[in-house]
2 protein chains.
Amino acid sequence: MKLDILTKTETLNIQKEIISKIRDLINLKNLEPGDKLPSERMLSEKFEVTRSNVREAIQKLEFYGLLKSIPQSGTFVANIGVIAMNGMIEDILRLEEPDFKSLVETRILLELKTARLAALRRTDEDLQKMKNALDAYAEKVRNGEDAVQEDLLFHLAIAKASGNSTMNTFMLIITPEIITNFEKYHVCDSNQAQAGIIEHTEIYEAIKAKDSQLAKQKMKEHFKILYQYCYNI
Amino acid sequence: MKLDILTKTETLNIQKEIISKIRDLINLKNLEPGDKLPSERMLSEKFEVTRSNVREAIQKLEFYGLLKSIPQSGTFVANIGVIAMNGMIEDILRLEEPDFKSLVETRILLELKTARLAALRRTDEDLQKMKNALDAYAEKVRNGEDAVQEDLLFHLAIAKASGNSTMNTFMLIITPEIITNFEKYHVCDSNQAQAGIIEHTEIYEAIKAKDSQLAKQKMKEHFKILYQYCYNI
DNA sequence: CTTCTGTAATTGGTTAACCAGATTAAGCTT
DNA sequence: AAGCTTAATCTGGTTAACCAATTACAGAAG
């Protein structure tokens with residue numbers, strides 16, 4: 001098991017090394033947007049790593065929009081200049097694992113905004129979905145059962161109702177990590193869950209009434225405890 | 001070329017179908033957190049697709065924290081209940097491509113926050129990097145050159161100074177798409193670039209002075225034009 | 001009956017051969 | 001010499017065989 005972790009971090013280091021070598025190559029050869037990179041085979045030979053490793057590195061850079069692979073043709077530098085490319089690769093290489101505080105901070109930022117936007121933009125269909133999620137949550141809590149999942153689904157329903165697909169995606173990305181951390185640190189207790197029904201209902205009503213400021217306000221109150229936790233950890 | 005796009009969307013559809021089948025399987029077999037999924041080989045056979053397709057689908061669900069692959073052991077359901085699992089997979093399947101408006105909206109949200117946080121938390125080293133980025137930007141603009149990249153790097157320097165790794169990551173994710181859209185719609189002109197020097201300097205000075213409210217305010221002014229554009233598109 | 005052990009089957013991950021489309025350039029025609 | 005054709009080569013993507021670690025289980029030892 002220990003060896004497994006070792007190889008995984010090792011793999012990551014290899015990937016970072018490859019990414020940094022690709023950056024050096026782009027700088028050395030003065031590649032500009034639209035220019036073609038050497039083929040994966042050549043890169044793997046030049047860097048003395050497997051083609052799989054090269055592919056993974058390229059896919060990562062493609063995810064961040066820096067490269068673009070075209071089948072049967074080649075890998076190309078995206079429409080971003082060499083300066084931005086260098087800066088961004090630098091950032092990507094230094095990206096640390098997200099800490100819990102940073103996750104919560106970001107979640108609150110997103111939730112306040114999506115609540116506000118949802119109040120402005122929610123359709124009747126969005127509202128119905130939020131209602132369903134809310135009812136499912138209340139039902140579970142009243143039965144004394146754990147309702148972390150239903151809690152979360154209510155918040156995701158709000159994110160969807162915000163009509164902002166980017167924020168919706170970001171909420172989806174951070175949610176699982178929030179959950180696992182919650183369970184790890186036992187953030188939620190049953191008292192909180194009881195209060196949660198009222199708070200959720202208030203948020204729901206504000207969004208239903210299309211009162212954006214109230215929705216944001218109620219969401220803020222809902223996160224009050226979380227706030228404290230976040231800054232005291 | 002057209003065929004290429006066709007196969008790509010087709011691949012995506014296959015992936016979505018696999019993801020939805022995996023969800024059905026989890027529901028049917030009542031798999032709970034920690035339970036093991038059938039092996040990749042069995043799934044590929046059952047779904048009548050290649051193992052690569054199954055792997056990609058699993059990796060996507062792993063990215064969203066819903067599954068966890070352990071080498072030489074199996075793929076396991078993450079510590080998220082079946083209800084949350086269903087809701088999140090539903091969301092993931094329906095995730096649409098981010099529109100420009102949604103990108104800009106999110107960017108502004110993040111930038112206002114990171115500017116505020118940077119003013120509170122920036123180290124001297126952060127400040128120096130921001131200064132370098134600012135100077136590079138001003139230099140380019142004064143020479144009448146295009147400075148979109150330097151502009152962006154200044155903003156990323158702020159994101160880094162915010163000390164919030166999650167927001168930093170999110171900024172990195174949306175930045176390339178913002179750039180390409182900017183270039184597509186020709187959002188920036190030279191007048192703006194000239195004004196940009198002053199605005200950037202003001203933001204920098206506010207962060208240097210650790211005045212968080214002023215930093216946020218100056219950032220807001222900086223995005224005023226972008227705001228208008230975003231809501232008029 | 002329990003515990004240990006060794007072997008065989010199973011697992012996700014890796015590798016190398018293969019594929020189809022794209023690119024290139026040489027060769028033929030005009 | 002210019003334009004078209006065609007065949008050889010190069011590309012990223014796909015596939016199937018392979019690997020090492022893990023697991024499951026049968027059987028021996030206690």
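In what follows, every chain begins at residue 1, and chains take the letters A, B, ... in the order their sequences are listed.
Taking atom CD of Gln72(A) as the reference point, atom P of dT11(D) lies 12 Å away to the nearest angstrom. In this structure, the NZ atom of Lys68(A) is 15 Å from the C1' atom of dT11(D), given to the nearest Å. The separation between Ile70(B) atom CD1 and dG13(C) atom P is 10 Å, rounded to whole Å.
Residues from residues 31-44 of chain A that place a heavy atom under 4.0 Å from any atom of DNA chain D, listed by number: Ser39(A), Glu40(A), Arg41(A). A heavy atom lying under 4.0 Å from DNA chain D marks the following residues of residues 45-60 of chain B, by number: Thr50(B), Arg51(B), Ser52(B). Within residues 20-27 of chain B, no residue approaches DNA chain D, by heavy-atom distance under 4.0 Å.
Between Ser162(A) and Arg121(A), the shortest heavy-atom distance links the atoms O-NH1, 3.1 Å. When all heavy atoms are compared, the tightest approach of Lys46(B) to Leu25(B) is CE-CD1, 3.8 Å.
The aromatic rings of Phe63(A) and Phe63(B) stand perpendicular to each other, their planes meeting at an angle above 60°, with 30° marking the opposite boundary. The aromatic rings of His200(B) and His222(B) sit perpendicular, their planes meeting at an angle over 60°, well past the 30° parallel limit.
Formation of a donor-acceptor pair under 3.5 Å by the Asp126(B) side chain with backbone atoms of Thr123(B) is found in this model.
Interatomic distance, CG of Leu153(A) versus CD of Glu90(B), reported as 10.5 Å (0.5 Å rounding).
Residue pairs meeting the salt bridge (Lys or Arg N to Asp or Glu O under 4.0 Å) criterion with at least one partner in residues 159-170 of chain B, sequence neighbours excluded, are Asp91(A)-Lys160(B).
Heavy atoms from other residues, nucleotides or ligands lying under 6.0 Å from CD of Glu145(B) number more than 12.
Under the side-chain hydrogen bond (donor to acceptor under 3.5 Å, both in side chains) criterion, Glu32(A) pairs with no residue at all, not counting sequence neighbours. Checked against salt bridge (Lys or Arg N to Asp or Glu O under 4.0 Å), Lys131(A) has the following partners two or more places apart in sequence or in another chain: Asp135(A).
OP1 or OP2 of dT23(C) lies within a sub-4.0 Å distance of a side-chain N or O belonging to Ser73(A).
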